[in-house]
Amino acid sequence: MKNTRKPIIDLSDCILCGVCVDVAPLVFRMNPSGYIEIVDLASYPETQIQEAIRNCPARCIGWET
Ligand code: SF4
């Protein structure tokens with residue numbers, strides 16, 4: 001089953017460590033302004049994103065509700 005839930009980042013807590021980009025480079029990227037953004041995808045790889053959520057030191061990644 002495709003996962004259409006989208007991850008979100010609370011940028012006010014993000015410390016730009018790059019862990020999420022390392023863990024799920026197809027989902028998270030640094031934009032030209034120097035902030036992390038979510039790539040627009042039709043569906044999101046749940047396992048990789050859960051891994052990013054677990055490893056984010058600022059605990060600022062979650063799922064859109
Ligand atoms: S892992 Fe968390 S703190 Fe690090 S860049 Fe990604 S969202 Fe920001």
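Side-chain atoms are counted along with the backbone in the values below, which use heavy atoms only and exclude waters and symmetry mates. Whatever order the structure lists ligands and atoms in, that order sets their numbers, starting from 1.
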Q: Any side-chain heavy atom of Phe28 sitting closer than 4.5 Å to one from Ile9?
A: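 Phe28 reaches Ile9 side chain to side chain.
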
Q: By number and element, which atoms of ligand 1 are closer than 4.0 Å to a non-hydrogen atom of Gly18?
A: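 Those qualifying, in numeric order: 4 (Fe), 5 (S).
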
Q: Only counting residues at least two apart or in another chain, list the ones meeting side-chain contact (heavy atoms from CB on, under 4.5 Å) with Val27.
A: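 For Val27, the residues satisfying side-chain contact (heavy atoms from CB on, under 4.5 Å) (neighbours in sequence not counted) are Pro7, Ala24, Ile38, Leu41, Tyr44, Pro45, Ile49.
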
Q: Which atoms of the protein, restricted to N, O or S, are nearer than 2.8 Å to atom 2 (Fe) of ligand 1?
A: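 Sorted hits: Cys56 SG.
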
Q: Got a donor-acceptor contact below 3.5 angstrom from the Arg59 side chain to the Arg54 backbone?
A: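 Yes; judged by distance alone, with no hydrogens or angles, the pair exists.
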
Q: Would you say the side chain of Glu37 lies within less than 4.5 Å of the side chain of Arg29, judging by non-hydrogen atoms?
A: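 Sidechains of Glu37 and Arg29: in contact.
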
Q: When clusters are formed by joining ILVMFWY residues with side-chain heavy atoms under 4.5 Å apart, either directly or through shared neighbours, do Met30 and Val39 land in the same one?
A: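 Yes, one cluster joins them.
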
Q: Under 4.5 Å between side-chain heavy atoms, counting indirect links through other Ile/Leu/Val/Met/Phe/Trp/Tyr residues: same cluster for Ile8 and Leu16 or not?
A: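 Each belongs to a different hydrophobic cluster.
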
